[in-house]
Amino acid sequence: MLDVATIPDDIGYYLAGFTDGEGSFNVSFRPRSDYVFPWKVSLCFNVSQRERAILEVLQTHLACGTMRQRADGVWYYEVNNLVDLIQNVIPFFKRFGFLSNKKRRDFAKFVELASLLQTGRHLTQEGVVEVLRIRLEMNDGGKRRYLDDDILKRFENPQRPYARRPRNRAMIWSDLHGDMQSTAEMVVPLPFNEQE
C-alpha cells in the first residue's frame with residue numbers, strides 16, 4: 001500500500017496537475033464468452049504523453065502500473081489492477097487533488113466505481129445498471145465501445161462457452177489494453193476440413 005505521506009508536496013502536486021490535463025479515469029466493459037456472467041467490468045487510470053520520463057516519475061511515485069508505447073510513439077502509463085487503484089492511485093489523488101471541476105467529478109465517480117467493484121456488486125445485473133449510471137456522468141459521456149442498451153441486451157441472451165459456433169466461421173479474440181481496453185472480435189473462415 002502506498003504511503004502518500006512520504007511523497008514530497010512539490011512532486012505530488014506537480015503530478016496531480018499533469019494528470020489533471022493529460023490523465024483519465026475510465027470504466028470498460030468486455031464481453032465474456034468463457035464465464036456465465038456476460039461482461040467483465042474493469043477500471044483503468046491512464047496518462048499518455050510523447051515523453052516517457054514524466055510517466056516514469058508518475059509510475060515511481062504511485063509504485064504500480066505499466067508502461068507501453070503505441071506505434072506512433074505515444075507512451076501510456078496505466079493502472080488496471082483494482083487493488084493498486086484502491087491502495088495507491090486513489091489515496092494519491094485524494095491527497096493531492098485536481099484543480100479542474102471535470103477531473104474532480106470524474107475522479108469522484110471513479111472512486112465510487114472502485115468501491116462498487118471492491119464489494120463485487122458489479123457481478124450482478126443490478127450492479128451493472130449502477131455502473132452504467134455512474135459511467136454516464138464520467139468523461140462527458142466519452143466514446144463508448146458498447147452502448148448501455150447493448151450491454152443490457154446481453155443479459156437477455158448472453159453468449160455461453162458451450163454455444164454452437166456459426167457455420168463456416170471461427171471467433172478470434174484479441175485483448176487490447178489501456179484506454180482501448182475491450183475485446184475486439186473478428187470473424188474468419190474455418191479451414192476447409194473443419195467446415196460442417
Side-chain angles (χ1 to χ4, degrees), residues 2 4 7-32 39-114 117 131-132 134-148 150-151 172-186 188:
L2 181 68
V4 294
I7 297 172
D9 283 355
D10 58 340
I11 295 288
Y13 287 115
Y14 173 79
L15 293 174
F18 186 81
T19 301
D20 202 338
E22 303 295 330
S24 67
F25 297 94
N26 302 294
V27 58
S28 66
F29 286 83
R30 290 192 298 176
R32 301 304 298 253
W39 294 101
K40 178 176 182 182
V41 183
S42 303
L43 297 181
C44 180
F45 161 67
N46 66 55
V47 183
S48 59
Q49 184 70 16
R50 286 207 171 270
E51 188 176 328
R52 179 181 173 131
I54 185 62
L55 299 182
E56 289 175 335
V57 173
L58 190 58
Q59 183 179 33
T60 297
H61 286 284
L62 287 178
C64 62
T66 58
M67 300 270 291
R68 65 183 175 87
Q69 187 177 30
R70 287 190 331 211
D72 64 0
V74 172
W75 283 95
Y76 276 87
Y77 166 65
E78 56 195 8
V79 182
N80 298 307
N81 180 285
L82 185 61
V83 172
D84 289 341
L85 290 167
I86 290 170
Q87 294 185 352
N88 296 33
V89 174
I90 289 173
F92 179 89
F93 291 111
K94 277 187 174 180
R95 176 178 173 204
F96 294 107
F98 299 105
L99 291 178
S100 74
N101 289 331
K102 177 188 178 308
K103 196 66 71 181
R104 281 200 304 261
R105 178 203 64 205
D106 288 350
F107 178 66
K109 297 297 177 185
F110 190 79
V111 171
E112 194 177 343
L113 286 168
L117 267 66
V131 170
L132 292 174
I134 296 167
R135 178 179 85 157
L136 183 65
E137 302 168 9
M138 292 177 69
N139 301 317
D140 297 328
K143 291 183 181 177
R144 307 286 189 219
R145 184 170 182 87
Y146 300 102
L147 300 176
D148 292 7
D150 297 329
I151 291 169
I172 297 175
W173 297 95
S174 171
D175 287 332
L176 303 175
H177 302 282
D179 62 344
M180 296 180 63
Q181 188 177 33
S182 61
T183 304
E185 179 181 333
M186 299 184 303
V188 296

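Index from 1, following the sequence.
- Here the side chain of Lys103 pairs a donor or acceptor atom with the backbone of Gly23 at under 3.5 angstrom.
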For this session: Kindly indicate, with the supporting measurements, whether the criterion side-chain contact (heavy atoms from CB on, under 4.5 Å) is fulfilled by Phe18 and Leu55.
Result: CA-CA 10 Å; Phe18 186 81; Leu55 299 182; 4.2 Å; yes
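- The backbone N or O of Trp75 sits nowhere less than 3.5 Å from a side-chain atom of Arg70 that would complete a donor-acceptor pair.
- Ring geometry, Phe98 versus Phe107: the interplanar angle exceeds 60°, so the pair is classed perpendicular (tilted spans 30 to 60°).
- Between atom CG of residue Asp106 and atom OG of residue Ser24 there is a gap of 8.5 Å, rounded to the nearest 0.5 Å.
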Just do the salt bridge (Lys or Arg N to Asp or Glu O under 4.0 Å) check on Arg68 and Glu78 with the steps written out, would you?
CA-CA 8 Å; Arg68 65 183 175 87; Glu78 56 195 8; 3.1 Å; yes
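- Here the straight-line distance linking atom CD1 of Ile134 with atom CD of Glu112 works out to 4.0 Å at 0.5 Å rounding.
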| message | Checking Val89 against Asp84 for the side-chain contact (heavy atoms from CB on, under 4.5 Å) test, could you report, in this order, the C-alpha distance in whole Å, the side-chain angles of both residues, the deciding distance, and whether it holds? | response | CA-CA 7 Å; Val89 174; Asp84 289 341; 5.7 Å; no
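- Within the 4.5 Å cutoff, no side-chain heavy atoms of Leu15 are placed close to those of Phe96.
- Side-chain atoms of Tyr77 and Ile54, non-hydrogen and from C-beta on, never get closer than 4.5 Å to each other.
- With contacts defined as side-chain heavy-atom distances shorter than 4.5 Å, the pair Leu2/Pro91 does not qualify.
- With rounding to the nearest 0.5 Å, the separation of CG in Leu113 from CG in Leu82 is 10.5 Å.
- With sequence neighbours excluded, the residues that form a salt bridge (charged side-chain N to carboxylate O under 4.0 Å, His left out) with Arg95 are Asp9.
- By the side chain to side chain contact (heavy atoms under 4.5 Å, CB included) test, Val83 pairs with Asn81, Gln87, sequence neighbours left out.
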**Prompt:** Are Val111 and Lys94 close enough, and set up right, to give a side-chain contact (heavy atoms from CB on, under 4.5 Å), and what steps lead you there?
**Reply:** CA-CA 10 Å; Val111 171; Lys94 277 187 174 180; 4.2 Å; yes
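- Within the structure, side chain to side chain donor-acceptor pair (under 3.5 Å) contacts touching residues 10-22 (residues at least two apart or in different chains) are Asp20-Ser100.
- Minimum interatomic distance between Phe92 and Gly12 (heavy atoms only, all atoms of both residues): CZ-O, 3.7 Å.
- Looking at every heavy atom in both residues, Gln69 comes nearest to Gly73 through NE2-O, 3.3 Å.
- A side-chain donor-acceptor contact under 3.5 Å links Arg105 to the backbone of Glu137.
- Looking at every heavy atom in both residues, Ala16 comes nearest to Gly97 through CB-O, 3.2 Å.
- Taking CZ of Phe25 as the start and CE of Met138 as the end, the distance is 8.5 Å to the nearest 0.5 Å.
- Interatomic distance, CZ of Phe45 versus CG of Asn80, reported as 11.0 Å (0.5 Å rounding).
- Taking each heavy atom of Cys44 and Leu85 in turn, the nearest pair found is N-CD1, 4.5 Å.
- Atom-to-atom distance recorded for Ile86:CD1 and Leu117:CG is 8.0 Å, nearest 0.5 angstrom.
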